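Model, not experiment: these values are computed from the prediction.
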There are 2 protein chains.
Amino acid sequence: MNDTGESAKKKIKRPPAERTAQRDPERTRAAILEAATQEFAENGMGGARVDAIAERAGTNKRMLYHYFGDKEQLYLRVLEEAYVSIRTAERALNIGTRSPEEGIGELALFTWRYFLQHPEFLSLLGTENLHRARWLRQSVRLKELHSHLIGELSQVLEEGKKAGVFIESADPLHVYLTIASLGYFYLSNQYTLSTIFGRDLITPGNLDAWERHIVHVTLASIKR
Amino acid sequence: MNDTGESAKKKIKRPPAERTAQRDPERTRAAILEAATQEFAENGMGGARVDAIAERAGTNKRMLYHYFGDKEQLYLRVLEEAYVSIRTAERALNIGTRSPEEGIGELALFTWRYFLQHPEFLSLLGTENLHRARWLRQSVRLKELHSHLIGELSQVLEEGKKAGVFIESADPLHVYLTIASLGYFYLSNQYTLSTIFGRDLITPGNLDAWERHIVHVTLASIKR
DNA sequence: CGAGCCGGTAACTAAACAGTTACTTGATGG
DNA sequence: CCATCAAGTAACTGTTTAGTTACCGGCTCG
């Protein structure tokens, strides 16, 4: 049938092998990471498809396994990158340079707006917690990333207590968890909430009201 | 080989077919629902295995498909049941019978403790939101279940405003979302939070402190 | 200048999975 | 005592999926 069978030993259909546009390992790596972030965020660890990630990245599975080992290591990489991004942006805030009250307000606003602009981060957190931090626990890069946040927040609170504007019982971890709670729940659960309460929570008006609410609640809970 | 081959037409290995303990359709149905709740809560919609549900329930896939149609319908049933349970328990609180301040405090305590005792409910909410309420949206049973909650909460707030203990801007949906946020985030994200902050959030002492914090924050945000 | 390596492709494989089918058992009513 | 039906079992099927393998082609360096 095939008239050009010169190599009889191993004859496998030889495809045109396409034009290899340009080789760019860095770009390919970054594209896989970006595609994986989207895929894991949309479908969770169990629901994400390796083929889908490769296709989204405009490459193929071979490269994905070449750069990242396997699905689990790729997932952990995505998760670490997401944490590094938010903590880096947060650090640039320098909440200690304003008055204590403004500092806390700034942190609340930043956190809310970051969550709003990075829904994939919230999704990844949800997925990782469904699995009881199974992968995050293995990460060695992330422990020290967070002590800085608590340290800075602690300083601002102490300053406020000395100035007499914050109550003595204000605790840095509690303050951060309060801010994160109010932002996270509203956004990550917006779909079920909008459904059961028959009210679209994501309209600009409602988002704005909730932003003001977060700042109000956070400050009301620590002001003397 | 087989010496008792009297029926030559259809000869398939005939297993002993075990002792059929007792037939109890209701029990089987309930067992499947309970097993499915656990499996979906632990593994999400994509990660849950139909075989695993059948095994957990002490039955088999045939019965599961017989009673519930398919995996998606079973999942929706589990989700609906979870909502009905919490709203039913909540309704029994009758927060309107106490003083407004006590009423809100009661609701906050109840919500926190219910979340604490029903981690599977939080998991299911997380899973459903990952999928943008794809299945919940199809449910017709759940819309009216929630208007009652907001109505009752609204009454309590009005009463408090008249009595001069609550601020005028207090909004029933915002108050409920505040309570739910603080409970949900702390528990559902406990694994990543404990990991990144290097502090076990689930010890009795920490749980107790957060319970008091929720009541404090909720009331501080609406008191005049 | 050619050997081998690096970036890349596509087809293949073994396992897992949702859903189906063929069949069994025992209770009930005629 | 037999026809029927509900409850239940287990093996099978077609598809999907993570991971692998065989192969390709241009660049670099000895």
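- Each of B:E72, B:E128, B:E80 was scored for a side-chain hydrogen bond (donor to acceptor under 3.5 Å, both in side chains) with B:W135, with one residue passing: B:E72.
- Atoms CZ (A:F68) and P (C:dG8) sit 12 Å apart, rounded to a whole Å.
- Within 4.0 Å (heavy atoms only), A:A48 reaches sugar-phosphate atoms of the nucleic acid but no base atom.
- What separates CE of A:M45 from C1' of D:dT17 is a distance of 13 Å, to the nearest Å.
- Among the nucleotides D:dA18, C:dG7, C:dA18, the one closest to the side chain of A:H66 is C:dG7.
- B:R29 places its CZ atom 13 Å from the P atom of D:dG8, with the value rounded to the nearest Å.
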Chi angles and distances behind the side chain to side chain contact (heavy atoms under 4.5 Å, CB included) call for A:L125, A:Y184: CA-CA 10 Å; A:L125 288 192; A:Y184 182 92; 4.1 Å; yes

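- The distance from atom NZ of B:K61 to atom P of D:dG8 is 17 Å, rounded to the nearest whole Å.
- With salt bridges taken as basic N to acidic carboxylate O contacts below 4.0 Å, none links B:K71 and B:E39.
- If you take CD of A:E55 and C1' of C:dT9, they are 14 Å apart, rounded to a whole angstrom.
- Within the 4.0 Å cut-off from OP1 or OP2 of D:dT9, not a single side-chain nitrogen or oxygen of B:R62 is found.
- For A:M63, taking side-chain heavy atoms from C-beta onward, the closest of the listed nucleotides D:dA18, D:dT9, C:dG7 is C:dG7.
- Following rounding to the nearest Å, B:R49 (CZ) and C:dC17 (C1') show an atom-to-atom distance of 7 Å.
- For B:T28 and D:dA7, the shortest distance from a side-chain N or O to OP1 or OP2 is not below 4.0 Å.
- Between A:E34 and A:R29 no salt bridge is recorded (no basic side-chain N to carboxylate O distance below 4.0 Å).
- The separation between A:Y67 atom OH and C:dG7 atom C1' is 6 Å, rounded to whole Å.
- Ion pairing of B:E211 with B:R113 is present here, as a side-chain N (NZ or NE/NH1/NH2) and a carboxylate O approach within less than 4.0 Å.
- C:dA22 atom C1' lies 14 Å from atom CG of B:N60, rounded to whole Å.
- Side-chain N/O atoms of A:T59 include one lying less than 4.0 angstrom from OP1 or OP2 on C:dT9.
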